[in-house]
Every structure is written in C-alpha cells, then in structure tokens.
Amino acid sequence: MAIILKENVPTIVQGITGHQGSFHAEQMKIFGTNIVGGVTPGKGGTTVKGVPVFNSVSEAIRNTGARASVVFVPAPFAFDSVVEAIDSGLELVTVITEHIPFHDMVKLKLYAKIRGARIIGPNCPGITSVGIAKHGIMPNSIFREGSVGVVSRSGTLTYEIVNTITEAGLGETTVIGIGGDQVVGTNMQEAVSMFEDDERTKAIVVVGEIGGTAEEETAELIKRKVTKPVVAFIAGRSAPPGKRMGHAGAIITGGKGTAQSKVEAFKSAGVAVASSPSEIPKLLKERLKL
Amino acid sequence: MAIILKENVPTIVQGITGHQGSFHAEQMKIFGTNIVGGVTPGKGGTTVKGVPVFNSVSEAIRNTGARASVVFVPAPFAFDSVVEAIDSGLELVTVITEHIPFHDMVKLKLYAKIRGARIIGPNCPGITSVGIAKHGIMPNSIFREGSVGVVSRSGTLTYEIVNTITEAGLGETTVIGIGGDQVVGTNMQEAVSMFEDDERTKAIVVVGEIGGTAEEETAELIKRKVTKPVVAFIAGRSAPPGKRMGHAGAIITGGKGTAQSKVEAFKSAGVAVASSPSEIPKLLKERLKL
Amino acid sequence: MVDFLEYEGKELFKRYGIPVPNFHVIRAPEDVPEFNGRMVVKAQVPTGGRGKRGGVRIVNSRDEAIKAIQEISQISFDGFKPEAFVLEDAVNVKRELYISVTLDRSVELPIVLASAEGGVDINSVPQEKIYRHAINPFVGVTQYLKRELSSFLGLSSEKAEQLGKILEGLYKIYDEMDASLAEINPLADTDSGLLALDSKITIEDDALFRHKDITPKYYILDPVEREAKEKGLAFVKLEGDIGIIANGAGLNMATIDLIALNGGKPADFFDLGGTDDPQKVVDALRLASKVTHKVLFVNIFGGVTKCDTVARGIVQAFKELKPSFKLVVRVRGANEDEGRRILEENGIRSLLNLDEAVKEVIRLAGE
Amino acid sequence: MVDFLEYEGKELFKRYGIPVPNFHVIRAPEDVPEFNGRMVVKAQVPTGGRGKRGGVRIVNSRDEAIKAIQEISQISFDGFKPEAFVLEDAVNVKRELYISVTLDRSVELPIVLASAEGGVDINSVPQEKIYRHAINPFVGVTQYLKRELSSFLGLSSEKAEQLGKILEGLYKIYDEMDASLAEINPLADTDSGLLALDSKITIEDDALFRHKDITPKYYILDPVEREAKEKGLAFVKLEGDIGIIANGAGLNMATIDLIALNGGKPADFFDLGGTDDPQKVVDALRLASKVTHKVLFVNIFGGVTKCDTVARGIVQAFKELKPSFKLVVRVRGANEDEGRRILEENGIRSLLNLDEAVKEVIRLAGE
C-alpha cells in the first residue's frame with residue numbers, strides 16, 4: 001500500500017491555467033496520475049494540455065467525479081481556493097503554493113478538521129505514492145517502488161535524498177513533502193504514524209530541519225509507538241540562531257528549534273541520524289539488514 | 001452497554017452554585033452519578049452539598065480528573081462555559097441551559113468537532129444510562145433497566161413516555177433528551193445510529209415533534225441501516241403553521257416541518273407511529289414479540 | 001422574535017453598506033418634504049402583502065404623498081394600522097432578485113438563498129430556481145461563493161462586485177445582529193446598479209441580551225397573547241374551547257394532540273416550563289381565566305416542577321379568581337401524592353392516568 | 001518581516017483600545033513641545049536593549065529633552081541611528097508585566113504569553129512564571145481566559161477588566177494585522193491603571209498583500225543582504241569564505257552543513273527557489289560577486305529548476321561579471337546532461353556527486 005495517496009483518485013488542478021499549474025498537470029499525467037480536470041474561474045470550457053478547465057471546484061466535481069486537488073493558485077487566493085475545495089467535498093488537497101500567511105493556514109487546518117478533509121502543504125513538493133500517483137511537483141524520474149517511506153520538510157533536498165535511496169538500489173512506498181512553513185496541513189508526526197501503520201513500508205526516513213519542535217515531537221512519538229527502523233537527517237546544523245534559513249519555518253528563536261536539540265531527541269529515540277544525504281541509504285541498509 | 005454515557009465518568013457541574021445547579025448536582029449524586037466537583041468563577045474553595053467548587057474547569061480537572069460536565073450556567077454565559085469545558089479537554093458536555101442563541105450553538109457544534117468533544121443539548125433534560133449514570137435533570141424515579149433506547153426532542157414528555165414504558169414492565173438502556181432547539185449538539189440521527197450499534201438496546205423509541213427535518217432524516221437513516229424495531233411519537237400534530245409551539249425548534253415554516261410529513265416519513269421507513277404516549281409500550285411489546 | 005419594519009431594516013442596510021434608494025421616514029403628514037419627480041409611499045406594517053391591499057402608492061408631489069398617507073392610514077393590514085411610512089425615490093427596476101441569509105436547520109449552518117425570481121414569497125418559487133449555499137461562520141463569505149452566486153443570477157462583472165458587497169453586508173447583519181432572517185426582497189437590478197427595495201430582518205428573543213439597543217416590539221393583536229409575551233410567559237393561542245396548562249413544550253403539544261385526537265378543540269396552551277414556582281401556576285390560571293374556556297385541563301408530569309407546588313398554585317388561583325370554567329387536573333411524577341392530597345382537601349378531584357383525564361376533559365367540554 | 005518601531009506599535013495600540021501614556025513623536029529637536037513635569041525621551045531603534053545603552057532618558061523640560069535627543073542621536077544601537085524619538089509622560093510604575101500574542105507552532109494556534117515579571121526578555125523568564133494559553137481563532141478571546149490571566153497576574157477586579165480589553169485589543173492586532181508577534185513589554189501596573197510602555201509588533205512579509213497601507217521597511221545593515229531583501233531574493237548572510245547557491249532552502253541548508261562538516265566556512269547562501277529563470281541565476285551570481293568569496297559552490301538538484309537553465313545562467317553571469325572567486329558546480333536531476341554539456345563547452349567543469357563536489361570546494365578554499 002502507501003500512505004494518504006493509497007489509490008489513483010480522480011484529481012483536479014486548481015490554478016491549472018498558470019505556468020506552474022499547466023506544466024505540472026502534464027508532468028503528473030505523465031507520471032500516471034488520474035488528472036481529470038482543472039479549475040480557473042472565468043476559464044471554464046477551455047482545455048489545458050488536454051485537461052478540461054472548469055469555473056469552480058463543484059462544477060469540476062459534477063463533471064469529473066474528482067476527489068482530490070493539487071493547488072497552484074497564488075498565495076492571496078489560496079485560502080479561498082482551499083476552502084472551496086474542502087466545501088465542495090474533496091478529501092485531499094495538496095497545496096504547492098508558497099508564501100501563504102500562516103494565519104490562513106491555522107484557520108484552514110482547523111477548517112479541514114471540521115470537514116474531515118486532509119491538507120498537505122503548503123509550500124511543499126506534494127506527495128508521491130510510487131506506482132500509484134503523484135500529487136505535486138516532485139521530479140518523475142527519482143522514484144523506484146520499494147519499502148522506504150520518506151517524510152520531509154524540504155523540497156529539492158527530498159529529491160536529493162530520494163534519488164540517493166533509489167540509486168542505492170532501495171525504493172520508496174510514499175514520499176511526502178510536508179512543506180517548510182510554520183504551520184502545515186499534515187505534519188511530520190502524522191506522516192510517521194501513518195508509515196508505521198502502513199504494511200508495505202519497512203523503514204522510515206525523516207528529513208527535518210531547524211525551527212519548531214516537530215522533530216522533537218516526532219522523536220517522542222517514535223519512542224512511544226514506532227517499531228520500524230527510522231533514519232533521520234536534519235538540515236541547518238550550521239545555521240546561526242535568529243536567521244530565517246530560506247523556509248519560513250526554518251528559524252531558531254528563543255533558543256528553540258536548534259539542530260542539536262533535534263539530533264539529540266532522535267538519537268534518544270533510537271533513530272539513526274545521518275550526517276549527510278549519502279549516509280542515509282547506508283543506514284537504511286544496516287537497519288533493514290540488507 | 002448504553003450509548004454515549006457508557007461508564008460513570010467523573011463529572012463536574014458548571015454553574016453548581018445556582019438554584020438549579022445545586023439541586024440537580026444532588027439529584028445526580030443520589031442517582032449514583034460520579035459528581036466530583038462544580039465550577040463557579042469566584043466561588044472556588046467552597047462546597048455545595050458536599051461537592052467541592054472550583055474557579056475554572058481546568059482547576060476542577062487538575063483536582064478531580066473530571067472528564068465530563070453538566071452545564072447549568074445562564075444563557076449569556078453558556079457559550080463561554082462550553083468553550084471552556086471543551087478547551088479544557090472534557091469529552092462530554094451536557095447543556096441543560098435554555099434560551100442559548102442558535103448562533104452560539106452553530107459555532108459550538110463546529111468547535112466541538114474540531115476538538116473531538118460531544119455536546120448534548122442545550123435546552124434538554126440530559127442523558128440517563130440506566131444503571132450507569134445520569135447527566136441532567138430527568139426525575140430519578142422513572143427508569144428501570146431494560147432494553148429500550150429512547151431519544152427525544154422533549155423534556156417532560158420524555159418523562160411521561162419513559163414512565164409509561166417502565167410501568168408497562170419494560171425498561172430502558174439509555175434515554176437521551178437531545179433538546180428542543182433548532183440546533184442541537186447531538187441530533188436524533190446520531191442517537192438512533194448509536195442505539196442501532198448498541199448491543200444491549202433491542203428497540204428504539206423516537207420522540208419527535210414538529211419543526212425542522214430531523215425526523216425525516218432519521219427515517220431515511222432507519223430505512224438505510226437500522227435493523228432494530230423503532231417506535232415513534234410525534235408531538236404537535238394539531239399545531240397550526242407559523243406558531244412556535246413552546247420549543248424554539250417546534251415551528252412549521254414555509255410548509256416544512258409538519259407532523260404529517262414526519263409521520264409519513266416514519267411509516268414509509270417501517271416505523272410504528274404511536275398516536276398517544278400510552279400506545280408506545282403496546283407497540284414496543286408487539287415488535288419485541290413480548 | 002423581533003421583526004424589524006422595512007425602514008428599520010433599511011437603516012441597518014445603510015450601516016452595513018447595502019445600497020438602498022434615498023428614503024424619508026414619515027410619521028405624520030407634516031414630515032413629508034417638498035420634492036420633484038416620482039416617489040413611492042409605503043405603509044410600515046409588520047405583515048406581508050401590503051402592496052395588494054393598497055399600502056404602496058406612486059406619488060408625484062408633496063400633496064399627492066400626503067393624500068396617499070391619509071388614505072393608507074385607513075387601511076387595516078391583517079389588523080395592523082401603519083405606524084409610519086417610507087417615502088422613497090421611485091426606481092426603474094429591470095429585474096427583481098431575491099437574496100437572504102437564514103439558518104438551515106438541516107445542515108446546522110447559515111445559508112444563502114437567492115433567486116432571479118424575486119419580489120414574491122420565496123416559498124412560492126420552484127426549488128430549481130433557488131440558489132442555496134451554506135456559509136461556515138468560521139470562514140464567512142468566500143470569493144468563490146460570490147462568483148457562483150453572481151453567475152447564478154446572471155449579473156455583469158460590475159454588478160457581481162456590488163452583489164459581493166451586498167452579500168457580505170447581509171451576512172454580517174445575520175451574524176453580528178444574531179438575526180434568524182436577513183432578507184432583501186426585492187433586490188432591484190437597475191441601470192445604475194443593485195438596490196435593496198425592501199427589507200426583512202428578524203431577531204430571536206434569545207439573542208437580545210447581546211443587543212441592549214434593540215427595544216423588542218411585538219406585533220401581536222390578541223391582548224392575552226401579547227400580555228403573555230411581554231411577561232415572558234410561554235403561552236400559545238389556538239382556536240377552541242379547552243384550555244391547557246402543562247409543564248414542558250413537548251407535553252403541552254402531546255396534550256393538545258390527545259385532546260384533538262379524541263374530538264376536543266384546544267383553545268390555547270400555557271407552558272409552566274421547568275421552574276418550581278407556584279406563582280407561575282397562578283399567572284397561568286389568571287391568563288387562562290381571561291379567555292373564555294369551557295374546560296381547563298392541567299396536565300403535569302412532575303420533575304423540576306413538583307406536583308404539590310402546582311396543586312398549591314391551583315388552589316390559590318381558584319380562591320383569587322373564581323373562574324367559571326370546569327377544571328380537570330392530572331398529576332404524575334415528583335410529589336404526586338402530596339399534590340393529590342392538597343387538591344382533594346380543597347375539593348378538586350385529580351386523575352393519574354393521562355388517557356382517562358383526556359376522556360374526562362372531552363366529556364366535560366361536551367356537556 | 002516588518003518590525004514596527006515603538007511609536008508605530010503604540011499608534012496601533014491606541015487604535016485598538018490599548019491604553020498608552022500620552023506621547024509625541026519627535027523627528028527633529030524643533031518638534032519638542034513645551035511641557036511641565038517629568039517626561040521620557042526614547043530612541044526609536046529596531047533593536048532591543050536601548051535603555052542599557054543610554055537610549056532612554058528622563059527629562060524635566062523642553063531644553064533637557066532637546067539636549068537628550070541630541071546626545072542619543074550620537075549613539076549607535078547595533079549599528080542603527082535613531083530615526084525618531086518618543087517623548088512621553090513619565091509613569092509611576094508599581095510593577096512591570098509582560099503580555100504578548102504569537103504563534104505556537106507546536107499546537108498550531110495563536111498563544112497568549114504573560115508574566116508578572118515583565119520588562120525583561122521573556123526568554124530569560126523561568127517557564128513556571130509564564131502563563132501560556134492557546135486562542136482558537138474561530139472563537140477568539142474568551143471570558144474564562146481573561147479570568148485565568150488576571151488571576152495569574154494577581155490583578156484587582158477593576159484592572160482585570162482593563163486587562164481583558166487589552167488582551168482583546170492585542171489579539172485583534174495579531175489577527176487583523178496578520179502579526180506574528182504583538183507584544184507589550186512592559187505593561188505597567190500603575191495606580192491609575194494599566195499602561196503599555198513599549199510595543200513590539202512584527203508582521204510577516206507573506207501577509208503584506210492584505211495590508212497595502214504598510215510600507216515594508218527592512219532594518220538590515222549589510223548592503224548586499226538589504227539589496228537581496230528588497231528584490232525579494234532569498235539570500236542569507238553567514239560568516240565565512242565559501243558562497244553557496246542552491247535551489248531550495250533545505251538543499252541550501254544541507255549544503256552549508258556539508259561544507260561545515262568537512263571543515264569549510266560557508267559565507268552565505270542564495271536560494272534559487274522553484275522557478276526556472278536563468279536571470280535569477282545571473283542575479284544570484286551578481287550578488288555573490290559583491291561579497292568576497294574564495295569559492296562559490298553552485299549545487300543544483302533539478303526539478304522545477306532545470307540544470308541546463310542554471311548552466312546557461314552561470315555562463316552568462318561569468319561573461320558579464322568576470323568574478324574572481326573559484327567556482328564549483330554540481331548538477332543533478334532534470335536536464336543534467338544538457339547542463340553539463342553547456343558548462344563544459346564554456347570551460348566550466350561540473351560534478352555529479354555531492355560529496356565529491358563538497359570535497360573539491362574544501363580543497364579549493366584551502367588553496
């Protein structure tokens with residue numbers, strides 16, 4: 001199986017007529033994702049790369065039976081687009097858009113809970129369940145079906161690491177980029193917990209970075225309930241306090257969110273912490289006794 | 001077993017120093033309910049009928065391990081009290097208070113969903129699981145342990161009907177008064193659905209009244225998934241349209257919410273509809289083949 | 001329930017940015033200003049269908065307006081006389097639209113209702129011509145809702161923007177004023193934009209504690225019903241000759257149903273509710289005695305309200321009022337023995353069984 | 001990130017009903033009014049600890065105030081000169097409290113932080129002396145939170161009421177202004193009530209699209225860093241001699257870590273982000289060339305950003321800029337072959353393996 005994206009659900013692209021939206025709609029289709037439509041208000045009736053465009057999510061659902069969406073609309077309109085997706089009944093909304101105010105995400109996350117929907121992101125590469133579907137912008141070429149679940153706060157670093165895992169002869173179940181913002185729809189703890197429950201996943205890779213306490217809380221969770229081997233990598237070990245390291249969430253404030261604290265938390269939970277991306281497959285093989 | 005109130009959870013009374021709060025705290029204790037404390041801001045440190053009073057719900061929880069509450073605070077303060085109960089982590093909040101604006105209830109219900117709490121009421125007699133506990137104001141004397149689950153929009157009419165059931169030699173599992181307002185924390189459909197899933201409940205009594213479409217939706221649910229015998233009673237058959245019949249929710253508007261529509265919906269779902277309270281035990285016995 | 005008159009609602013509209021025609025509130029003929037052009041005089045009454053009964057007139061001068069006001073003042077609108085008049089600019093209406101925000105009990109959320117067929121009772125518009133969309137109070141009016149709604153109503157992009165603002169204002173009124181209904185009907189589509197030609201705002205009594213500036217005005221013609229309302233007593237007037245006093249709304253409804261089922265005619269019901277106060281029983285009987293009943297049926301299932309308290313109230317009321325109607329009392333539940341004893345000592349017979357009591361009521365009413 | 005100066009925050013406080021002492025904003029000595037009694041002159045600087053460095057003075061007359069302003073103007077506060085001064089009534093402070101609203105990333109909700117030990121950096125206050133309480137944005141500030149907070153701070157009922165209003169105002173600022181921090185430190189407890197003596201308001205850049213009235217002012221001393229910020233380029237300045245350009249924040253961080261792990265010293269990093277624009281590569285190299293580096297390391301894992309695009313940008317930039325630093329390029333992922341070919345044609349060697357590339361960077365930096 002996989003996590004979250006367990007089947008190739010009919011999926012729409014919100015903001016499909018934009019540069020990013022149209023490019024990645026095509027890339028997702030090439031990967032094999034069941035892209036059934038796109039939404040851009042006012043552009044209904046047109047097509048983008050063979051995909052029909054609708055004026056609203058509910059119109060798209062009525063015409064295509066969509067159950068999930070990937071959101072590329074610009075930040076000022078993202079809140080409304082995600083609410084529209086949730087209100088219209090979509091189960092899974094993957095938000096690629098960056099620079100959404102965290103105030104909006106706090107509310108969207110609570111709102112998704114009321115409606116029983118799941119948000120991934122924002123400011124994330126999305127989710128790929130190898131052999132099933134890809135929602136987002138990860139490069140199609142880096143995956144290989146296998147037994148490693150990857151959760152990451154990063155984008156390209158995820159590609160780097162997944163590529164390393166794949167090149168080492170291992171493979172992935174689901175790779176989820178949860179996003180680099182302060183508040184994310186699906187967090188590291190949830191992803192690790194789902195990987196633990198996923199039969200096909202045999203080992204878990206956690207790619208963290210400085211800022212916040214998600215890694216520390218994940219380490220607590222691992223201590224408490226995770227039986228599968230976990231390998232972690234923390235980016236930003238050499239980052240000075242008080243500087244925002246590119247991601248909105250990657251900042252050490254008030255002495256909290258240091259790489260040291262995260263590395264120690266993971267180690268005390270029995271997690272193997274890699275010091276470089278290339279070390280990850282080695283540690284995985286050790287733990288999987290390959 | 002029973003529904004909702006499945007064990008005698010440690011329970012507090014919010015608004016315990018009021019006339020109603022103190023009287024019913026004692027009545028609940030006499031019934032055997034595990035009343036561990038009360039809350040009235042500014043009255044912390046005192047006791048009411050032997051029950052310790054705290055200034056806040058969180059203080060009460062720290063000192064007593066409470067997991068549920070019964071709310072008697074006046075309507076203008078009820079919204080805040082219920083939020084306090086939910087924020088503090090209580091699982092079950094039974095609101096006796098009447099005249100809470102429905103605007104507040106719409107929000108409270110959504111909020112409870114975010115936090116995973118259950119609200120019963122407002123403007124309701126509460127819930128009694130016979131042999132387990134009573135949260136609310138139902139008379140202690142009317143119950144007898146048995147196999148009939150009762151859900152009702154009414155208060156005293158519920159007592160009348162439960163008394164009739166008890167006197168007929170039958171008995172109850174759980175009796176839940178969901179309240180007579182337009183928006184209620186736990187609705188008729190949910191209660192019926194839980195009775196269907198409750199092993200000990202062998203038959204279900206639904207006491208509805210004019211206004212809204214809860215009965216019609218419950219009839220749909222019964223058609224779809226309820227296998228146990230259901231007996232219904234609808235109050236307000238002789239009520240004229242446009243008049244609010246005492247309960248905030250009991251009003252026929254725009255031709256909707258008539259007793260006729262409800263009776264027909266139930267009948268088409270195979271539900272026995274009683275024309276008087278005294279007919280209910282007869283119909284129950286027929287259906288239960290007693 | 002507080003119903004706003006048209007002008008009260010329109011003043012609220014102005015405050016919330018909803019465009020309305022220029023209007024004057026006229027309480028006496030001398031309030032009418034001099035004017036040029038066409039204006040409309042509208043009776044301010046708490047009931048619908050005033051147009052059909054001559055409560056709305058087009059006027060072209062101050063004199064015509066005064067004459068219209070004087071004439072309309074003579075009309076009775078479901079028993080109400082106009083309290084005031086609105087004199088407003090006549091508008092060239094291209095289409096009459098409908099829009100309202102109210103509670104949808106089924107989804108337990110506020111809902112927007114809209115239709116391109118406005119100007120009539122929304123209940124008479126076919127379902128498929130009504131746009132319905134829930135609003136989550138934690139999110140409010142969304143952009144996509146505004147787009148969908150404008151598209152449903154077939155509005156140009158300029159008017160779509162205006163409609164968006166109107167919807168936001170209307171939802172804010174619903175939310176901030178704790179309204180149970182905030183309605184614009186008709187919303188006029190004119191060459192110069194959208195205009196709210198009428199208003200209907202209803203606020204539940206329950207929410208009035210948050211709105212101290214609202215003085216509840218109840219438009220109730222029946223004096224007994226009005227007195228009950230003003231005193232906050234739960235009294236419902238019906239047609240018939242059998243009065244009912246019970247504790248609890250559900251029990252009251254069930255009681256009138258039983259009476260009707262057995263061929264009786266309920267006259268009214270009075271809900272003692274859930275407080276244990278003998279004075280409330282006396283008040284109930286006093287109100288009941290103001291209405292001509294053949295029989296008064298007191299039906300109590302004691303819980304919070306105790307049977308003995310009710311018995312004491314009945315005894316006291318009978319001493320004070322000496323009513324002419326026949327009385328049937330049925331008491332069950334909390335303190336029923338004590339209640340029956342008190343009644344018996346005062347020569348009032350009481351029953352325990354509801355069905356039997358109802359039969360007795362019917363028998364007495366038929367005498 | 002936009003930081004408000006004290007007076008900007010206090011103007012916001014006034015608008016949201018948070019009491020502040022009377023104050024004047026002084027931009028030049030001639031702005032100082034005549035006054036009687038004690039006042040305070042405070043330097044308006046975007047950095048903390050101004051008091052310890054002489055940026056706050058008590059004054060008793062206009063002349064003293066002007067003298068103080070002239071003297072403070074000479075002081076450097078972490079490299080910043082005061083832009084303006086606040087001249088405000090001196091207040092008799094009984095206690096200094098602390099209160100702020102900010103995001104709690106762990107519970108993913110706004111949180112109130114408060115302490116009776118205000119006037120110092122909240123990070124230096126022991127955890128047990130800090131009150132923490134989440135606020136759900138769908139519910140806002142509740143009555144029970146106000147009660148708990150006042151009780152924690154040991155306030156009288158009159159001041160508790162005032163604190164409730166202050167908390168509501170502060171939360172509204174957080175919510176309506178999309179603030180990431182809304183802080184009052186100290187909140188003075190005085191005989192005549194509570195007063196906000198200082199303000200700290202921070203707004204994330206991400207939210208500025210909703211606040212067109214805010215002109216972002218970035219207090220960044222380093223000219224290259226400021227230029228990058230103003231152009232919206234993701235540039236982070238560190239100490240060291242190895243510049244890094246990568247695509248993506250995580251990859252950038254991982255790259256500087258690898259450099260540091262292998263004994264190198266990262267000088268800065270530039271994030272190309274997720275757009276496939278060669279001009280961005282040129283901009284990055286131009287900025288990099290303004291800083292003295294020994295080595296510049298370009299590390300790309302191509303996805304949205306293609307390797308060939310980066311290669312073209314590098315070639316173009318080198319033609320334009322002719323920089324003095326040594327260059328190491330590593331490209332992997334989308335279009336890596338084409339990227340390597342372009343670089344090779346232009347005489348730039350590139351690597352595929354990250355670890356090897358890092359070793360080469362360290363080797364060159366050590367030369």
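All chains are named by letter (A, B, ...) in the order of the sequence lines, taking the proteins before the strands, and each is independently numbered beginning at 1. Bear in mind the structure is a predicted one, so any value in this text is a computation, not a measurement. Only heavy atoms go into these numbers, but all of them, side chains included; no hydrogens, no water, no symmetry mates.
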> Which members of residues 100-109 of chain C, sorted by number, sit under 4.5 angstrom from chain B on a heavy-atom basis?
Replying inline: C:Leu103, C:Arg105, C:Ser106, C:Glu108, C:Leu109
> Would you say C:Asp175 and B:Lys107 make side-chain contact, with heavy atoms under 4.5 Å?
Replying inline: yes
> Between B:Thr253, B:Val183, B:Thr158, B:Ile210, which residue shows the highest count of heavy-atom pairs closer than 4.5 Å to chain C?
Replying inline: B:Val183
> Considering all heavy atoms of both residues, which atom of B:Pro101 and which atom of C:Phe209 are nearest to each other, and what is their separation?
Replying inline: CG-CE2, 3.6 Å
> Any sub-3.5 Å donor-acceptor pair from B:Ser238's side-chain atoms to C:Ala260's backbone N or O?
Replying inline: no
>> Within the structure provided, determine whether C:Glu204 and B:His99 are in side-chain contact (heavy-atom separation under 4.5 Å).
In response: no
>> As an exercise: rank B:Lys256, B:Met138, B:Glu209, B:His19 by heavy-atom pairs under 4.5 Å with chain C and give me the winner.
In response: B:Glu209
> Measuring heavy-atom distances to chain B, does C:Leu258 have an atom under 4.5 Å in its side chain, in its backbone, in both, or in neither?
Replying inline: side chain
>> So for C:Ser124, is it side chain, backbone, both, or neither that comes closer than 4.5 Å to the heavy atoms of chain B?
In response: neither
>> Is any side-chain heavy atom of C:Val236 closer than 4.5 Å to one of B:Met245?
In response: yes
>> Which atoms of C:Asn123 are under 4.5 Å from chain B, going by heavy atoms: the side chain, the backbone, both sets, or neither?
In response: side chain
>> Using the ring centroid of each side chain, check whether C:Tyr174 and B:His103 are separated by less than 6.0 Å.
In response: yes
>> Please determine whether the number of non-hydrogen atoms from other residues, nucleotides or ligands lying under 6.0 Å from atom NZ of B:Lys267 exceeds 12.
In response: no
> Can you say whether B:Ile100 sits under 4.5 Å from chain C via the side chain, the backbone, both, or neither, judging by heavy atoms?
Replying inline: backbone
>> Can you tell me which portion of C:Ala334 sits under 4.5 Å from chain B's heavy atoms? Options are side chain, backbone, both or neither.
In response: neither
> When rounded to the nearest 0.5 angstrom, what distance separates CZ in B:Phe102 from CG in C:Asp178?
Replying inline: 8.0 Å
> Any idea which heavy atoms bring B:Thr156 and C:Phe301 closest together, and the distance?
Replying inline: CG2-O, 3.7 Å
> Given B:Arg244 and C:Asp205, is the salt bridge (Lys or Arg N to Asp or Glu O under 4.0 Å) satisfied, shown in steps?
Replying inline: CA-CA 12 Å; B:Arg244 180 154 286 174; C:Asp205 293 344; over 6 Å; no
> Does any heavy atom of chain B fall under 4.5 Å from the side chain of C:Asp355, the backbone, both, or neither of them?
Replying inline: side chain
>> With a 6.0 Å cut-off (strictly less than), is the heavy-atom count around NZ of C:Lys172, excluding the residue itself, greater than 12?
In response: no
>> With a 3.5 Å distance limit and no angle check, can you tell me whether B:Lys243 reaches the backbone of C:Leu238 through a side-chain donor-acceptor pair?
In response: no
>> Tell me whether C:Lys265 at atom NZ has more than 12 heavy atoms from other residues, nucleotides or ligands lying less than 6.0 Å away.
In response: no
> For the candidates B:Pro125, B:Gly155, B:Gly249, B:Ser152, which exhibits the highest count of non-hydrogen atom pairs separated by less than 4.5 Å from chain C?
Replying inline: B:Gly249
>> In the structure I gave you, are the side-chain heavy atoms of C:Leu251 and B:Tyr159 within less than 4.5 Å of one another anywhere?
In response: no
> Which pair of heavy atoms, one from C:Val304 and one from B:Ile137, lies closest together, and at what distance?
Replying inline: CG2-CD1, 4.1 Å
> So which part of B:Glu167 gets closer than 4.5 Å to some heavy atom of chain C, the side chain, the backbone, both or neither?
Replying inline: side chain
>> So which residue, B:Gly236, B:Ser154, B:Gly254, ends up with the most heavy-atom pairs under 4.5 Å with chain C?
In response: B:Gly236
> Heavy-atom distance under 4.5 Å to chain C: side chain of B:Pro139, backbone, both or neither?
Replying inline: side chain
>> With rounding to the nearest 0.5 angstrom, report the CZ to OG1 distance, C:Arg332 to B:Thr164.
In response: 8.0 Å
> Looking at OG1 of C:Thr255 and CG of B:Leu157, how far apart are the two atoms once the value is rounded to the nearest 0.5 Å?
Replying inline: 8.0 Å
> What pairs with B:Glu172 under salt bridge (Lys or Arg N to Asp or Glu O under 4.0 Å), at least two apart in sequence or on another chain?
Replying inline: none
> Of the backbone (N, CA, C, O) and the side chain (C-beta and beyond), which part of B:Ser275 lies under 4.5 Å from a heavy atom of chain C, both, or neither?
Replying inline: both
> Hey, which residues of residues 125-137 of chain C are touching chain B, say heavy atoms under 4.5 Å apart?
Replying inline: C:Asn136, C:Pro137
>> So for C:Ala207, is it side chain, backbone, both, or neither that comes closer than 4.5 Å to the heavy atoms of chain B?
In response: both
>> At a 4.5 Å cut-off on heavy atoms, which part of B:Pro277 comes close to chain C: side chain, backbone, both, or neither?
In response: side chain
> Where does B:Asn140 contact chain C at under 4.5 Å (heavy atoms): side chain, backbone, both or neither?
Replying inline: neither
> Which bit of C:Ala179 is near chain B, if near means a heavy-atom gap under 4.5 Å: side chain, backbone, both or neither?
Replying inline: backbone
> Taking C:Asp271 for the side chain and B:Gly246 for the main chain, is one N or O donor matched with an acceptor at less than 3.5 Å?
Replying inline: no
> Can you find a heavy atom in the side chain of B:Glu98 that is under 4.5 Å from one in the side chain of C:Asp206?
Replying inline: no
> Partners of C:Arg330 by salt bridge (Lys or Arg N to Asp or Glu O under 4.0 Å), sequence neighbours excluded?
Replying inline: B:Glu160
> What are the two closest heavy atoms between C:Met253 and B:Ala235, and how far apart are they?
Replying inline: CB-CB, 3.8 Å
